[in-house]
Visitor: 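Below are the C-alpha cells for one structure; questions will follow.
Letters A, B, ... are given to chains in the order of the sequence lines, protein chains preceding strands, and every chain is numbered from 1.
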Number of protein chains: 2
Amino acid sequence: MASRSADSRTGNGSPPAVDAVSLAIIEQLQEDGRRPYAAIGKAVGLSEAAVRQRVQKLLDQGVMQIVAVTDPLTVGFRRQAMVGINVEGDLDPVAEALSAMAECEYVVMTAGSFDLMVEIVCEDDDHLLETINKRIRTLPGVRSTESFVYLKLKKQTYMWGTR
Amino acid sequence: MASRSADSRTGNGSPPAVDAVSLAIIEQLQEDGRRPYAAIGKAVGLSEAAVRQRVQKLLDQGVMQIVAVTDPLTVGFRRQAMVGINVEGDLDPVAEALSAMAECEYVVMTAGSFDLMVEIVCEDDDHLLETINKRIRTLPGVRSTESFVYLKLKKQTYMWGTR
DNA sequence: CCCCCAACTTCGGATTCAGTCGCATCCAGG
DNA sequence: CCTGGATGCGACTGAATCCGAAGTTGGGGG
C-alpha cells in the first residue's frame, strides 16, 4: 500500500510503464491515427474492445494524443527559427512566459551554453522580428538570445517508441 | 497557363494554398484527430462527405497527417538533446545521413552559428553518448558539434495554423 | 453557347463505435 | 491454502459512423 502512493505521481515514476502490447498499439496509431480498433486488434492480437479500452486509457493518462500535424509552410507560416536564450536567475518565470506565447511551438530547458531553447513559428520576417526582438528579448530575466533561422526542414517524425 | 506548370511542383509554390474551410477542418482535427466527419462538418458548415473528401485530399497532398504523438519519457526515452552542428562543404550529404538515423527526430538546416540543428531522442546516457560521439561526430564533413541536453520540456504543441 | 471540371450533396449498405455483461487472472491478506 | 477485490479481456447489441457511388450545381475556356 505504501507503493500505492507513488502511483498517483504524474509521470516519471516507475508505474506508468507502457507494456509491449500498448506500445504496439501506439505504433499502429503512429502510422495512421484513424486506423479502426478492429484492425489494430488484429495486428496486435487483441479484441476490438480491448484495444479501445487501452487507447482510451493511454489518452486519459496523457501517454499519447491523436492529432493532426501540418506542414507549417503550406498553412502560411513561412519563417521559423530556433532561439537559444540565456537567463539571469530563475528559469521558470521566463519559461512560463515563453510557453504562454502562441508563436512558441516548443520550449525546453537545457544544459549547455543556452539555458532555454525555443522554437518560433511565424508568418513572415516582420512577425519573426517582432516576436524575438520585442517580446522575447524584453522579458525580465532574459540576458541574451541567439537565433537560428530555419533554411530547410529535412526531417520531422513522430515515431518515438517505434524502434 | 504557364503558371499551371508550377502546380505539379511538390510543395513550395503558391498553388497549394489551403483555404479557410480546410484550415477550419485542420483545427478540428488538431483538437481531436479522431473526431467524426459529421461533427467536423457541422462545425465548419459542410456535409459529412465533403469533409471526408477534403481530409483525404489534405492527407494525399501531404498538407497534414493524423498521428499519435507520445510523451518520450513515458515510452522509455529518458535522454534528449538538441545538437548544433558545423559542417565543412556541402550540407546535404550530412543532413541526409542524419535523417537516416532513427535517433534523429528532427533535422533542420539553419542560418546562424550552426549549419544544422538536430534533435536526438535516446534511451539513456550511454545511448546518447554513443549516438553523438560515435555516429554524428564521425560523419564525413562534420567539423564540430555542440550539445544541449534537455533538462525539462516545458511546452510542446501541434497547433500550427490554429491562430 | 456548350462542354468540362471541380466541389458539393444525397443516399444506402457495410463497418465501426460505445456501452455493458460475465469470466478469467492476479495479488494481498486471513 | 483459500478468499475477496480489482483489473483486463472477450462477446454481444443498438446506435453512430464510415464509405463508395451517383446525381447536382456553378464557373471558366473553347
Visitor: State the CG-CD distance between A/Asp71 and B/Gln65, to the nearest 0.5 angstrom.
Guide: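 These two atoms lie 9.5 Å from each other.
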
Visitor: Side chains of residues 129-138 of chain A: which donor-acceptor partners sit under 3.5 Å, not counting sequence neighbours?
Guide:
residue	atom	partner	partner atom	Å
A/Thr131	OG1	A/His127	O	2.7
A/Arg135	NH1	A/Glu103	OE1	3.0
A/Arg135	NH1	A/Glu103	OE2	3.2
A/Arg137	NH1	A/Thr145	OG1	2.6
A/Thr138	OG1	A/Lys134	O	2.6

Visitor: Under 4.0 Å between a side-chain nitrogen and a carboxylate oxygen: does that hold for A/Asp92 and B/Lys152?
Guide: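 A salt bridge is absent here (no side-chain N lies under 4.0 Å from a carboxylate O).
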
Visitor: Whole angstroms only, please: what is the CG-P distance between B/Leu29 and D/dC18?
Guide: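 So the two atoms are 11 Å apart, to the nearest Å.
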
Visitor: Taking atom OH of A/Tyr150 and atom CE of B/Met117, what is their separation to the nearest 0.5 Å?
Guide: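 Answer rounded to 0.5 Å: 7.5 Å.
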
Visitor: Answer whether the closest heavy-atom distance between the side chains of B/Glu105 and B/Phe77 falls below 4.5 Å.
Guide: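 They are not in side-chain contact.
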
Visitor: Which part of the nucleic acid does B/Arg34 contact within heavy-atom distance under 4.0 Å: base, sugar-phosphate only, or nothing?
Guide: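 Answer is sugar-phosphate: B/Arg34 comes under 4.0 Å of backbone atoms only.
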
Visitor: Using atom CD of A/Gln56 as one end and atom P of C/dG19 as the other, report the distance to the nearest whole Å.
Guide: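 So the two atoms are 9 Å apart, to the nearest Å.
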
Visitor: Which heavy atom of A/Leu59 sits nearest a heavy atom of A/Met64, and at what distance?
Guide: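 Scanning both residues completely, I find the closest heavy atoms to be CD2-O, 3.4 Å.
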
Visitor: Rounding to an integer number of Å, can you tell me how far A/Leu59 CG sits from C/dC17 P?
Guide: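 Nearest whole value for this atom pair: 13 Å.
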
Visitor: Quick one: side-chain contact (heavy atoms from CB on, under 4.5 Å) partners of B/Ser47, sequence neighbours excluded?
Guide: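 Here the qualifying residues are B/Ala49, B/Ala50.
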
Visitor: Could you tell me whether the side chain of B/Gln30 and the main chain of B/Tyr158 form a donor-acceptor pair under 3.5 Å?
Guide: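 Yes: the side chain of B/Gln30 pairs with the backbone of B/Tyr158.
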
Visitor: Report all interatomic pairs (protein N or O, nucleotide N or O of nucleotides 25-27 of chain D) with separations under 3.5 Å.
Guide:
none

Visitor: Rounded to whole Å, how long is the line connecting atom CZ of A/Arg35 with atom C1' of D/dC18?
Guide: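 A/Arg35 atom CZ is separated from D/dC18 atom C1' by 16 Å.
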
Visitor: Expressed as a whole number of angstroms, how long is the span from B/Gln28:CD to D/dT17:P?
Guide: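 Distance check: B/Gln28 CD to D/dT17 P gives 14 Å.
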
Visitor: State, yes or no, whether a side-chain contact exists between B/Ile85 and B/Ser144 at a heavy-atom distance under 4.5 Å.
Guide: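 Result no, sub-4.5 Å side-chain heavy-atom pair not found.
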
Visitor: Is it the case that more than 12 heavy atoms not belonging to A/Arg35 sit under 6.0 Å from its CZ atom?
Guide: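 It does: A/Arg35 CZ has more than 12 such atoms within range.
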
Visitor: For B/Ala24, enumerate each residue passing the side-chain contact (heavy atoms from CB on, under 4.5 Å) test, keeping only those at least two apart in sequence or located in another chain.
Guide: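 Partners of B/Ala24 by the side-chain contact (heavy atoms from CB on, under 4.5 Å) criterion, ordered by chain and then number, come out as B/Val44.
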
Visitor: Nearest whole angstrom, please: distance from the P of D/dA16 to the NZ of B/Lys42.
Guide: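 After rounding, the reported distance stands at 11 Å.
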
Visitor: Across nucleotides 7-13 of chain C, 5' to 3', mark each nucleotide with B, S or - according to how protein heavy atoms within less than 4.0 Å reach it.
Guide: SBBB---

Visitor: How sharply is the helix from C/dC1-D/dG30 to C/dG30-D/dC1 bent, taking the axes over five pairs at either end and rounding to 10 degrees?
Guide: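 Between the first-five-pair axis and the last-five-pair axis there is 30°.
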
